[in-house]
Number of protein chains: 2
Amino acid sequence: MKKHTNEGHDFSMQDEMRRAFAMLSGKWKLEIMWLLHQRIHRFGELRKAIPGITQHMLSAQLRELEADGLLLRTVFAEVPPRVEYEMTEKARGLGPTMEALAAWWGEYGSTIPARPSMRGRKQKDLSAVKASRQSK
Amino acid sequence: MKKHTNEGHDFSMQDEMRRAFAMLSGKWKLEIMWLLHQRIHRFGELRKAIPGITQHMLSAQLRELEADGLLLRTVFAEVPPRVEYEMTEKARGLGPTMEALAAWWGEYGSTIPARPSMRGRKQKDLSAVKASRQSK
DNA sequence: CGGTATCCAAAATGATACTG
DNA sequence: CAGTATCATTTTGGATACCG
């Protein structure tokens with residue numbers, strides 16, 4: 001069968017990893033998982049914590065992550081409603097990955113100036129938009 | 001000075017991390033970096049190693065990663081042309097992150113069956129699939 | 001509050017052809 | 001071989017309406 005050498009990963013390893021990448025490559029998934037790695041979040045908290053994401057996308061990404069068994073959704077029968085999201089046992093295994101990423105960024109992030117990049121992160125001036133909105 | 005507590009990262013930490021996420025959230029970036037983490041690859045090698053990616057996207061993602069200082073592009077003045085991609089010093093710091101991810105997947109990946117997911121990974125019959133696959 | 005549904009615009013990605 | 005140019009399709013963004 002497929003051997004998983006610990007160093008110098010072989011081909012089958014790449015095939016396996018592909019599923020993991022697909023599972024995490026949504027546009028906001030890494031950020032969502034990063035937040036949940038730190039603590040349980042409510043829907044609204046995630047929305048506030050992720051500038052630029054829409055309700056629509058947040059909802060969609062959360063449902064995908066849930067379907068992939070990475071997070072757990074808990075609905076509290078209260079008024080007003082409360083829904084909490086937290087990592088599943090499996091996803092908690094991603095902790096070391098998250099920490100390693102944070103460590104890397106802490107070390108090199110500062111050395112990578114505001115650089116170009118940031119594509120797909122543009123968001124129009126929200127404060128200015130609400131001002132003049134009318135016919136459509 | 002932003003405080004970076006080691007456990008329970010604070011808010012500023014999240015803001016910092018956002019840039020890292022944006023840098024890696026392209027649809028194929030994690031996979032590309034994973035491959036380059038293992039060894040230098042030529043353009044064509046990456047294309048073969050990443051089923052489903054198009055020249056267009058591979059080229060685009062590589063240019064973005066290069067712009068973000070994560071990989072180095074080396075063109076050899078030969079015939080036929082040869083172009084090699086490798087991680088930069090900074091990006092090599094991502095090694096532990098990659099390894100942690102691989103370790104996680106090795107541990108839990110198997111427990112997450114073929115699951116639904118795979119959205120955005122659908123690719124129309126890429127010839128290779130058509131051959132009635134009976135072996136397993 | 002925490003969604004889902006809809007419609008439309010914009011951005012990202014895919015397919016195919018073509019070039020140095 | 002390693003791309004780019006162009007056009008098509010898919011995904012995501014944004015606003016609004018509506019519901020439990």
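All values reported here derive from a predicted model rather than from experimental measurement. Reminder, nothing fancy here: chain letters follow the sequence lines and each chain counts from 1.
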Let me check something: do [X] and [Y] share a hydrophobic cluster, defined by ILVMFWY side-chain heavy atoms less than 4.5 Å apart, either directly or through other members?
| X | Y | value |
| --- | --- | --- |
| A/L72 | A/L94 | no |
| A/L71 | A/L58 | yes |
| B/V83 | B/L46 | yes |

Please determine whether a side-chain nitrogen or oxygen atom of [X] lies at a distance below 4.0 Å from atom OP1 or OP2 of [N].
| X | N | answer |
| --- | --- | --- |
| B/K27 | D/dT10 | no |
| A/R47 | C/dG3 | no |
| A/W28 | D/dG13 | yes |
| B/S59 | D/dT4 | yes |

Starting the side chain at C-beta, find the nucleotide from [options] nearest to [X].
| X | options | answer |
| --- | --- | --- |
| B/T54 | C/dT13, D/dG13, C/dA15 | C/dA15 |
| A/V83 | C/dG3, C/dT13, D/dA2 | C/dG3 |
| A/P81 | D/dG13, C/dC1, D/dG3 | C/dC1 |

Nearest-Å distance for atom pair [atom1]/[atom2], residues [X] and [N]:
| X | N | atom1 | atom2 | value |
| --- | --- | --- | --- | --- |
| B/I53 | D/dT10 | CD1 | P | 18 Å |
| B/L58 | D/dT4 | CG | P | 10 Å |
| B/M57 | D/dA2 | CE | C1' | 17 Å |
| A/L46 | C/dG2 | CG | C1' | 12 Å |
| A/Q61 | D/dT12 | CD | C1' | 9 Å |
| A/E31 | D/dT12 | CD | P | 15 Å |
| A/K48 | C/dC1 | NZ | P | 9 Å |
| A/E64 | D/dT12 | CD | C1' | 11 Å |

Q) Shortest non-hydrogen contact from A/D68 to A/M23? A) OD2-CG, 3.4 Å

Under 4.0 Å between any heavy atoms, over every strand shown, what does [X] touch: base, sugar-phosphate, or nothing? Just pick one.
| X | value |
| --- | --- |
| A/E45 | nothing |
| A/Q55 | base |
| B/R42 | sugar-phosphate |
| A/Y85 | sugar-phosphate |

Q: Identify, between A/R73 and A/H56, the residue whose nearest nucleotide on DNA chain C lies closer to the 5' end.
A: A/R73

(Q) Check B/E89 with B/R92, please: is the shortest side-chain N to carboxylate O separation under 4.0 Å? (A) yes

Q: Quickly, which of A/L30, A/I40, A/I50 forms a side-chain contact (heavy atoms from CB on, under 4.5 Å) with A/L35? Name it, please.
A: A/I50

Q. Start at the 5' end of DNA chain D and walk down; is the nucleotide closest to A/G26 or to B/F43 reached first?
A. B/F43

